[in-house]
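Computed from a predicted model, the values in this text were never measured in an experiment.
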Amino acid sequence: MKDKDTAEFQDMLAALRMLGADPAPGASVGRAMARMQTTGTADRPSWAALQRLERENELLIDHAEMLACALGACPNCWGTLEDCEECGGVGRPGAFNPDRTCFDHFVLPVIIRVLGHRPTETSGA
């Protein structure tokens, strides 16, 4: 094995040991990886749980960015960072024109509920 390959192999073994999937001498690394994907320990979630959390995190980030656009806020900092590369700290809600699609998706249903009627209803009819 080359030195680089040996180092990568050692790193992989160390990661497997850290995740509670320490392969026994002569055991298949593939079996250890499969075990790691389906089982977790009390202090470490399984690989599947980590992947689910990663997907949930990405979804939450997307929703926060869309909500910021719906409210006309900076999707990076919401106007809370003076050195923000996107807005320079001025991107509080209402600072920019709202994105109409995001507004209709996130904000309009709340306004309708607060006002207590549907947009197709006419007042006084």
> Taking atom CG of Asn57 as the centre, does the number of heavy atoms from other residues, nucleotides or ligands within less than 6.0 Å exceed 12?
Replying inline: yes

> Heavy-atom count around Glu85 CD within 6.0 Å, excluding the residue itself: above 12?
Replying inline: no

>> Could you measure the distance from the CZ atom of Phe96 to the SG atom of Cys69? Nearest 0.5 Å is fine.
In response: 10.0 Å

> Looking only at heavy atoms, which two atoms of Asn76 and Cys84 are closest? And how far apart?
Replying inline: ND2-SG, 3.2 Å

> Can you name the nearest heavy-atom pair linking Cys77 to Cys87, along with the distance?
Replying inline: SG-SG, 3.6 Å

ILVMFWY cluster, [X] and [Y] together (side-chain gap under 4.5 Å):
X: Leu115; Y: Phe103; result: yes
X: Ile111; Y: Met66; result: yes
X: Phe106; Y: Trp78; result: yes

>> Checking one residue: Leu81. Which other hydrophobic residues are in its cluster under the side-chain 4.5 Å linking rule?
In response: none

>> Quick check on side chain to side chain contact (heavy atoms under 4.5 Å, CB included): which of Leu108, Val114, Val107 does Val110 satisfy it with?
In response: Val114

>> Before you tell me yes or no, could you show the steps for Glu56 and Leu53 under side-chain contact (heavy atoms from CB on, under 4.5 Å), namely the whole-Å CA-CA distance, both residues' side-chain angles and the distance that decides it to 0.1 Å?
In response: CA-CA 5 Å; Glu56 287 179 6; Leu53 289 171; 3.9 Å; yes

> Would His63 and Leu67 satisfy side-chain contact (heavy atoms from CB on, under 4.5 Å), going step by step from the backbone distance to the final call?
Replying inline: CA-CA 6 Å; His63 282 169; Leu67 184 57; over 6 Å; no

